[in-house]
Amino acid sequence: MFGLSPTGAVWCAYLAASMEAEMALEKFIINGGRRLTGTVQISGAKNSALPILAAALLTDEPCTFSNVPDLADIRAMTDLLGDLGAEVFREDREAKANGNGDEPSGDGSLKICVTDESDSHAKYERVRKMRASISVLGPLLAKRGKARVSMPGGCAIGSRPVNLHLRGLQALGAKIELDGGDIVATAKRLKGAEIFLGGPFGSTVLGTANVMSAATLAKGTTLIESAACEPEVVDLADCLNSMGAKISGAGSPRIIIEGVDQLAGANHEVIPDRIEAGTFLIASAITNGDVHLANCRLDHLMAVIDKLREVGVIVEKSNGGATVSSARRLEPTDATTQPFPGFPTDLQAQLMSLLCLSDGNSAITEKVFPDRFMHVAELLRMGANIRKEGPTTIVTGVKHLVGAPVMASDLRASAALVLAGLVAKGTTTISRVYHIDRGYERIEAKLAALGADIQRAADN
Ligand code: EPZ
């Protein structure tokens, strides 16, 4: 399969088949050619919320998290926290569930409180559904002195080892073994240390989150060098500091954490989702639309906006968000994915869909996940002109794309197919949309509200 090792392909097929057996399959049906206009509200950031929810394991006190998106991955994390002894409550859903027809009572915030620390095992059944479950490893180890977390398996976007996570926790004094596919970590009390966390593809986001979270309860001071600088790491550090941690330097490659004996509860609002925002910026551009994004942080999207302006898209700051418009065939460009503040790998596929319609040749190089090209074969089915040379793809712009039945494979590749379907001639059907529901809150409703002809249907 395009860009994926044979075993990876088998693993994806097996994983997809076993997950599909457990859910009602759905598809999107998109009739292309509609220009998007209007306002879209950007949701809270999945990749910020996940390690922040895991941080609730660091305290015995109640935590309240607001602006947490309603996504499959968030539900997977709260299910896991439930296994690990946390009580989890989401305000508004309760009102509806009681069927009393009253308006939702709350603001949708999530309330989490750990009441039982007897079970510290994050089991395979949970972890195989969501790799980010690894985020509980550091908090469990730091708070309880022990953790047993299933080692995450294969992934559609390429090899994703966790060696840097383990190296960081071992530097803090943890004893780590592998047993029956589980990571087994123990430590009486972690000790502050100097840790270099850089890897072959640069920094690690969840690795930084795991080690930084663990170091908050370590004895002494920890220095993390080559830490990830993503806004999600800063949001986690802000949340931990509001719980009484002493973290400085988050957002830079050097983070210092002075350990404390205990942490208080949290009351934290999660940042807006820059990847969802980037996806809607490109959705407007690919349809030559005129869309206002409400509740998005432009300072988290500088590399993306720079690239869009380069190809001829107009992006302006407005009313606490951005307005994006374009009214002509776009220019080609070259792009290379990098850790933040570089161009995000999670928008590589969506940018490729846009450049499929540009006026010339573009080169896209994937430097974070070199095999992350599952979307290419599906875009070729829609009439795109793309060839691969190692971690680089050459995209030659075509006059138009054509609707076709295509298959979602991973979260961002699927979003790229939705964008291609919005502009393709005719009808596109995208199956396995559960991949999209992992990271986009009601994407079809948001797009339809902007004028897209998109609907969700059972895929039987
Ligand atoms: C986070 O994954 C995001 N996930 C990913 O978004 C995102 O693509 C990625 O960061 C990069 O921005 C969440 O936050 C839940 P990494 P993470 O560790 O932390 C290598 C999405 O679409 N590496 O920063 O798992 C790794 O293989 C998802 O929302 C090691 O070699 O990514 C990769 O090449 C997909 N050893 C690079 O580093 C390690 O121990 C960056 O990975 C860890 C990572």
Side-chain angles (χ1 to χ4, degrees), residues 8 43-54 69 71-74 76-77 80 127 129-138 149 151-171 176 183 195-213 224 226-236 253 270-271 273-279 300 303-304 337-350 366-372 374-375 391 408-416 435-441:
S43 301
K46 165 183 82 82
N47 290 348
S48 197
L50 292 170
I52 283 177
L53 298 186
L71 300 169
D73 275 12
I74 297 293
M77 179 56 84
L80 173 57
V127 176
K129 293 198 180 114
M130 183 188 60
R131 298 179 54 80
S133 308
I134 190 82
S135 310
V136 302
L137 179 61
V149 177
M151 173 80 103
C155 177
I157 70 177
S159 89
R160 298 180 72 180
V162 293
N163 57 317
L164 297 170
H165 299 234
L166 306 185
R167 197 167 79 190
L169 296 173
Q170 277 167 327
I176 296 189
I183 299 161
I195 303 165
F196 180 78
L197 215 50
F201 303 98
S203 54
T204 163
V205 178
L206 289 181
T208 301
N210 244 331
V211 176
M212 180 173 75
S213 299
I224 303 178
S226 190
C229 306
E230 270 67 5
E232 294 77 23
V233 171
V234 177
D235 200 23
L236 173 62
V270 170
I271 56 173
D273 194 318
R274 64 191 168 101
I275 305 299
E276 184 196 24
T279 303
H300 294 167
V304 180
T337 64
Q338 293 163 315
F340 190 88
F343 191 92
T345 172
D346 294 345
L347 285 171
Q348 176 255 102
Q350 298 92 318
E366 177 53 69
K367 279 258 172 93
V368 179
F369 294 107
D371 292 330
R372 192 177 197 171
M374 293 290 282
H375 40 289
S409 54
D410 64 82
L411 170 56
R412 308 304 173 182
S414 329
H435 285 290
I436 299 173
D437 293 336
R438 299 187 56 177
Y440 292 93
E441 200 173 22

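Both backbone and side-chain heavy atoms feed into the values below; hydrogens, waters and symmetry mates do not. One-based numbering, in listed order, for ligands and for the atoms of each. Not measured: the values here are computed from a predicted model.
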Taking only non-hydrogen atoms of [X], do any sit less than 4.0 angstrom from ligand 1?
X	result
Pro161	yes
Ala132	yes
Arg438	no
Ser159	yes

Could you identify the single nearest non-hydrogen protein atom to [atom] and state the distance to 0.1 Å?
atom	answer
atom 36 (N) of ligand 1	Asn163 OD1, 2.6 Å
atom 15 (C) of ligand 1	Asn47 OD1, 3.3 Å
atom 18 (O) of ligand 1	Thr204 OG1, 2.6 Å
atom 19 (O) of ligand 1	Leu206 N, 2.8 Å
atom 1 (C) of ligand 1	Val205 CB, 4.0 Å
atom 40 (O) of ligand 1	Leu164 N, 2.7 Å
atom 22 (O) of ligand 1	Arg412 NE, 2.8 Å
atom 32 (O) of ligand 1	Phe369 CZ, 3.9 Å

query: Looking only at non-hydrogen atoms, which of Asp346, Ile275, Leu347 approaches atom 28 (C) of ligand 1 most closely?
result: Asp346
query: Is it true that a side-chain atom of Arg167 and a backbone atom of Phe196 form a donor plus acceptor pair closer than 3.5 Å?
result: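 Judged by distance alone, yes, a pair lies under 3.5 Å.
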message: Main chain of Lys367, side chain of Thr337: is a donor-acceptor contact present, judged purely on distance under 3.5 Å?
response: yes
Heteroatom distance test ([X], ligand 1): nitrogen or oxygen, under 3.5 angstrom:
X	answer
Leu411	no
Phe201	no
Ile157	no

Using a 4.5 Å cut-off on heavy atoms from C-beta on, say whether the side chain of [Y] contacts that of [X].
X	Y	result
Val136	Leu80	yes
Thr345	Ile157	no
Glu230	Pro339	yes
Leu206	Pro51	yes

field: Evaluation steps, side-chain contact (heavy atoms from CB on, under 4.5 Å), between Leu236 and Ser213
entry: CA-CA 8 Å; Leu236 173 62; Ser213 299; 3.7 Å; yes
Within a distance under 4.0 Å of any heavy atom of [X], pick out the atoms of ligand 1 and give their elements.
X	result
Arg372	8 (O), 22 (O), 35 (C)
Thr345	8 (O), 11 (C), 12 (O)
His165	40 (O)
Lys46	21 (C), 29 (O)
Val162	39 (C), 40 (O)

Hey, is [X] touching ligand 1 through its side chain, its backbone, both or neither, going by heavy atoms under 4.0 Å?
X	answer
Arg160	both
Leu166	neither
Ser203	backbone

query: Residues in side-chain hydrogen bond (donor to acceptor under 3.5 Å, both in side chains) with Thr279, at least two apart?
result: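 In terms of side-chain hydrogen bond (donor to acceptor under 3.5 Å, both in side chains), with neighbours along the sequence ignored, Thr279 is linked to Gln350, Tyr440.
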- request: Walk me through it: do Ile134 and Val127 pass the test side-chain contact (heavy atoms from CB on, under 4.5 Å)?
  value: CA-CA 7 Å; Ile134 190 82; Val127 176; over 6 Å; no
task: Determine the sole option in Asp346, Val205, Asp273 for which the side-chain contact (heavy atoms from CB on, under 4.5 Å) test with Asn47 is passed.
output: Asp346
- prompt: Quick one: do Glu232 and Arg274 make a salt bridge, cutoff under 4.0 Å?
  reply: yes
Which donor-acceptor pairs under 3.5 Å do the side chains of residues 158-166 make with protein atoms, sequence neighbours left out?
| unit_1 | atom_1 | unit_2 | atom_2 | d |
| --- | --- | --- | --- | --- |
| His165 | ND1 | Asn210 | ND2 | 3.1 |
| His165 | NE2 | Gly207 | N | 3.4 |

- request: Under the side-chain contact (heavy atoms from CB on, under 4.5 Å) rule, what do Gln348 and Val368 come out as? Steps first, then yes or no, please.
  value: CA-CA 10 Å; Gln348 176 255 102; Val368 179; over 6 Å; no
- request: With side-chain contact (heavy atoms from CB on, under 4.5 Å) as the test, would you mind laying out the steps for Lys46 and Arg438 before giving the verdict?
  value: CA-CA 9 Å; Lys46 165 183 82 82; Arg438 299 187 56 177; 5.7 Å; no
